[in-house]
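Reviewing the structure listed below.
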Amino acid sequence: MRIIELTQDTKRDLLGTLLKRSPNNYGSYEVTVADIVNDVRTRGDEALCAYTERFDHCLLTKDTMRVTREEMEEAYTQIDDEFIRVMKASAANIRAYHEKQLRTSWFDAKPDGTILGQRILPLATAGIYVPGGKAAYPSSLLMNAVTARVAGVERILICTPPGKDGKVVPATLVAADICGIDEIYKCGGAQAIAAMAFGTDTIPKVEKITGPGNIFVALAKKAVFGYVSIDSIAGPSEILVLADESANPRYIAADLLSQAEHDEMASAILITTDRTLAEAVSAEVDAFTQTLSRKEIIQKSLDDYGYILIADNMEDAISAVNEIASEHLEILTRNPFEVMTKIRNAGAIFLGEYSSEPLGDYYAGPNHVLPTNGTAKFFSPLNVDDFMKKTSIISYSQEALARAHKDIELFAEKEGLTAHANSIKVRFIK
């Protein structure tokens, strides 16, 4: 891996390079995506079947688009019992963590007859996109579906592309069953997002769409935002490790590569105050890369978006961490909990040498759907609130409004909205 000094110039150049990975910079695909979305909105199932044949090389009809119960049961015969056990354990951890996020409606009644409050209800429907083929991630299905279930969403459906044989990845079906979801449609890409956003004869319109996907899926989610809610427009995966001389270079190298293997645009960065550690990590990365199955992808990722930055001091290192605002941040220092208090921007923070990033991907319980491309400065991980909606409650008695009506009328009149003022005033004209 390249080793460079951390300066204002190198930090600025690095941020510019990372931002080029954002889906917002792939406008050349937006016209294609818009055409697909509009076609599905117009032609519905007919367009879905046509795109499934074109992109997935699978012939489907509206009658064969939904996964059957028999297919769900068959999937269990293709997955070993130990993996099923692990998925169930993961789901239990995700559920336990997200149950702590639940909030209830509240009301505040005062003696003068004023009642203010907030009513919190789950969304009625949610659609989860699940990639298929080599990019199938049942862990992401669990993260999305369990969170929606905890929130209380009544109807959850899944769209996922079929293989050429018309079947869905077995692990996806088993993960869905673990979450109690049996409404699964064989439909992928931008066309699946459009179907969930606008509805077809077969696939119902949902209120929120979540789940990862390729650039076409990301841009389709961007295109339908406003017609439905979405989780985020996610960019490529990224990891940042903040370490001092006490860290284990072998662990750091392994953790950096855990994200670099996702795809060629993934980012892996180490920021350290110790050059000896930096050089050791670089050597370990080179050695590990030669032994890993996705070494071509890893090498491309490291060549384009892999960095080891050497900072003069920990304060400068922490400042850079907050500027980069990485999706995943590992803190491998002598006092990681103390350092953590100085971090403002990160999707998920992993503390200590036995809290490697894949722990969060698969098992610990916090959601692994995280903000990318610096958006951790203002976005949060997927959580229960993403599947809830809040309604303000306002009730004033005559006595309460009588004390406030002249203030309200004055405010409205100052804004030139006399009908607003009159709406209050008529209640006190004798």
Side-chain angles (χ1 to χ4, degrees), residues 19 21-48 51 118-131 140 143-145 147-148 151-161 183 185 187-236 327 347 367 369-392:
L19 287 174
R21 300 154 59 248
S22 169
N24 291 320
N25 289 325
Y26 288 83
S28 59
Y29 296 105
E30 289 186 341
V31 173
T32 299
V33 169
D35 288 343
I36 293 172
V37 168
N38 290 331
D39 192 21
V40 172
R41 187 178 186 182
T42 303
R43 296 197 296 136
D45 289 333
E46 182 183 354
L48 282 183
Y51 287 121
Q118 186 176 74
R119 191 178 183 203
I120 304 176
L121 294 172
L123 302 180
T125 57
I128 300 172
Y129 185 82
V130 181
S140 285
M143 291 288 176
N144 285 270
T147 306
V153 178
E154 293 180 11
R155 186 176 187 180
I156 304 171
L157 61 91
I158 292 169
C159 281
T160 186
E183 194 171 353
Y185 298 95
C187 178
Q191 60 271 23
I193 302 301
M196 291 188 284
F198 300 112
T200 71
D201 289 341
T202 302
I203 299 177
K205 173 180 169 56
V206 300
E207 294 172 346
K208 180 146 195 164
I209 299 172
T210 68
N214 61 20
I215 188 64
F216 295 98
V217 170
L219 291 176
K221 287 166 75 174
K222 181 181 178 181
V224 302
F225 176 64
Y227 296 100
V228 293
S229 177
I230 62 172
D231 51 353
S232 63
I233 304 169
E327 177 187 18
N367 213 289
V369 180
L370 302 168
T372 60
N373 285 108
T375 60
K377 291 179 180 178
F378 42 83
F379 284 145
S380 305
L382 188 72
N383 60 82
V384 165
D385 278 353
D386 286 311
F387 295 98
M388 310 286 279
K389 60 178 181 178
K390 303 171 184 69
T391 302
S392 301

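By convention here, the first residue in the shown sequence is residue 1.
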**Prompt:** Run the side-chain contact (heavy atoms from CB on, under 4.5 Å) check on Y227 and R41 step by step: do they pass?
**Reply:** CA-CA 12 Å; Y227 296 100; R41 187 178 186 182; 3.5 Å; yes
Working to the nearest 0.5 Å, report the span between [atom1] of [X] and [atom2] of [Y].
{"X": "E46", "Y": "Y51", "atom1": "CD", "atom2": "OH", "result": "10.5 Å"}
{"X": "D386", "Y": "T210", "atom1": "CG", "atom2": "OG1", "result": "8.5 Å"}
{"X": "Q118", "Y": "S392", "atom1": "CD", "atom2": "OG", "result": "6.0 Å"}
{"X": "L370", "Y": "S380", "atom1": "CG", "atom2": "OG", "result": "10.0 Å"}
{"X": "I209", "Y": "K205", "atom1": "CD1", "atom2": "NZ", "result": "8.0 Å"}

For the residue pair [X] and [Y], what are the closest heavy atoms and their distance?
{"X": "A195", "Y": "I203", "result": "CB-CD1, 4.0 Å"}
{"X": "E327", "Y": "P236", "result": "OE1-O, 4.3 Å"}
{"X": "G235", "Y": "N373", "result": "CA-OD1, 3.4 Å"}
{"X": "V130", "Y": "I158", "result": "CG2-CG2, 3.7 Å"}
{"X": "P381", "Y": "G347", "result": "CG-O, 3.4 Å"}
{"X": "P122", "Y": "M388", "result": "CA-SD, 3.8 Å"}

**Asked** Any side-chain donor-acceptor pair under 3.5 Å between Y129 and N144?
**Response**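 Not at all, the side chains of Y129 and N144 share no donor-acceptor pair under 3.5 Å.
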**Message:** For a quick check under 3.5 Å, do T147 and N383 share a side-chain donor-acceptor pair by atom type?
**Reply:**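 No, no side-chain donor-acceptor pair sits under 3.5 Å.
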Is there a side-chain contact between [X] and [Y], using heavy atoms and a 4.5 Å cut-off?
{"X": "K389", "Y": "I120", "result": "no"}
{"X": "Y185", "Y": "P204", "result": "yes"}
{"X": "L121", "Y": "T391", "result": "no"}
{"X": "V206", "Y": "L157", "result": "yes"}
{"X": "M143", "Y": "L382", "result": "no"}
{"X": "P212", "Y": "P131", "result": "yes"}
{"X": "R155", "Y": "E183", "result": "yes"}
{"X": "I36", "Y": "F216", "result": "no"}

**Audit row: V37, V224, side-chain contact (heavy atoms from CB on, under 4.5 Å) steps and yes/no** = CA-CA 8 Å; V37 168; V224 302; 4.1 Å; yes
Count the heavy atoms belonging to other residues, nucleotides or ligands that lie under 6.0 Å from [atom1] of [X], then report whether that count exceeds 12.
{"X": "E154", "atom1": "CD", "result": "no"}
{"X": "R43", "atom1": "CZ", "result": "yes"}
{"X": "K377", "atom1": "NZ", "result": "yes"}

**Request:** Give the intermediate values and the outcome of salt bridge (charged side-chain N to carboxylate O under 4.0 Å, His left out) for residues D231 and K221.
**Result:** CA-CA 9 Å; D231 51 353; K221 287 166 75 174; 2.6 Å; yes
**Item:** Test item: E207 side-chain N/O and A124 main-chain N/O as donor-acceptor pair under 3.5 Å
**Value:**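 Such a contact is found between E207 side chain and A124 backbone.
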**Asked** So, does T375 use its side chain to make a donor-acceptor pair with the main chain of P371 at under 3.5 Å?
**Response**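 No.
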**Request:** Assess whether side-chain contact (heavy atoms from CB on, under 4.5 Å) is satisfied between I233 and F225, documenting all intermediate values.
**Result:** CA-CA 10 Å; I233 304 169; F225 176 64; over 6 Å; no
**Asked** For the side chain to side chain contact (heavy atoms under 4.5 Å, CB included) test, which of D45, L48, D35 pairs with V40?
**Response**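 For V40, the side chain to side chain contact (heavy atoms under 4.5 Å, CB included) check succeeds only for L48.
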**Message:** One thing to verify: whether K222 and E30 come together as a salt bridge, which I'm taking to mean a side-chain N less than 4.0 angstrom from a carboxylate O.
**Reply:**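 Answer for the salt bridge query: yes.
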**Request:** Applying side-chain contact (heavy atoms from CB on, under 4.5 Å), run through T125 and I156 and close with a yes or a no.
**Result:** CA-CA 6 Å; T125 57; I156 304 171; over 6 Å; no
